[in-house]
Amino acid sequence: MKRTITTILTAAVLAIPVADATAAATKAKVVIRKFAGAAYQADRYGTLRVVITVKKTTRAGKVTRRITAVSVPVYPNESGRSAYISENAIPILRSEALRAQSASIDLVSGATYTSEAFAGSLQSAILKAKRA
């Protein structure tokens, strides 16, 4: 009985450094950065620019990128109508981009120009993130 307990304890003590070394080898490096897309013209209504926040995780040589936030600091709001369209369409487009994790998003009905400008600027920001 003593011999069995001693053997188990010895094996456990020897395994601890190996477990720590394995955990250190698989530790992930995480970098969070913001990328601004190009300004796109939403026809005659004004320009639109998308800024994305990307979480880049590197683990054992494998790199994964995830869009964690989408903001639109510049959007069409020159007239009452363009401001109304932007206020209603941009939250939908933002949630679509986060869901899709790409610029392949559904356009918002009634906001075609804003949706196209959003998708173009989003694609520009995603390409910048992939190059970084």
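Heavy-atom basis, side chains included; hydrogens, waters and symmetry copies ignored.
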- Task: Would you mind reporting whether Val30 and Lys56 have side-chain heavy atoms less than 4.5 Å apart?
- Result: no
Distance-only donor-acceptor pairs under 3.5 Å for side chains of residues 98-108, two or more places apart:
residue : atom : partner : partner atom : Å
Arg99   : NH2  : Glu96   : OE1          : 2.8
Gln101  : OE1  : Ile67   : N            : 2.7
Gln101  : NE2  : Ile67   : O            : 3.0
Gln101  : NE2  : Leu98   : O            : 2.8
Ser102  : OG   : Ser104  : N            : 3.2

Kindly list each side-chain donor-acceptor pair under 3.5 angstrom involving residues 38-45, sequence neighbours excluded, with atom names and distances?
residue : atom : partner : partner atom : Å
Gln41   : NE2  : Asp43   : O            : 2.8

Under 3.5 Å, sequence neighbours excluded: what are the donor-acceptor pairs made by side chains of residues 70-86?
residue : atom : partner : partner atom : Å
Ser71   : OG   : Val51   : O            : 3.4
Ser79   : OG   : Ser82   : N            : 3.2
Ser79   : OG   : Ser82   : OG           : 3.3
Ser82   : OG   : Glu78   : N            : 3.2
Ser82   : OG   : Ser79   : N            : 3.0
Ser82   : OG   : Ser79   : O            : 3.1
Ser86   : OG   : Pro76   : O            : 2.7
Ser86   : OG   : Ser82   : O            : 3.0

- Task: Could you check Ile126, Val54, Val31 and say which one makes a side-chain contact (heavy atoms from CB on, under 4.5 Å) with Arg65?
- Result: Val54
- Message: So, using side chain to side chain contact (heavy atoms under 4.5 Å, CB included) as the criterion, who are the partners of Lys62 when residues are at least two apart?
- Response: Thr64
- Query: For atom OH of Tyr113, is the number of surrounding heavy atoms from other residues, nucleotides or ligands below 6.0 Å larger than 12?
  - Reply: no
- Check: Ala117 main-chain N/O paired with Ser121 side-chain donor or acceptor under 3.5 Å: no
- Message: Any side-chain to backbone donor/acceptor pair from Thr114 onto Ala111? Under 3.5 Å, distance only.
- Response: no
- In chain order, what residues pass the side chain to side chain contact (heavy atoms under 4.5 Å, CB included) check against Thr53, with sequence neighbours excluded? Ile32, Lys34, Thr68, Ala69
- Query: Can you list every pair that meets salt bridge (Lys or Arg N to Asp or Glu O under 4.0 Å) and has a residue in residues 109-132, with sequence neighbours left out?
  - Reply: none
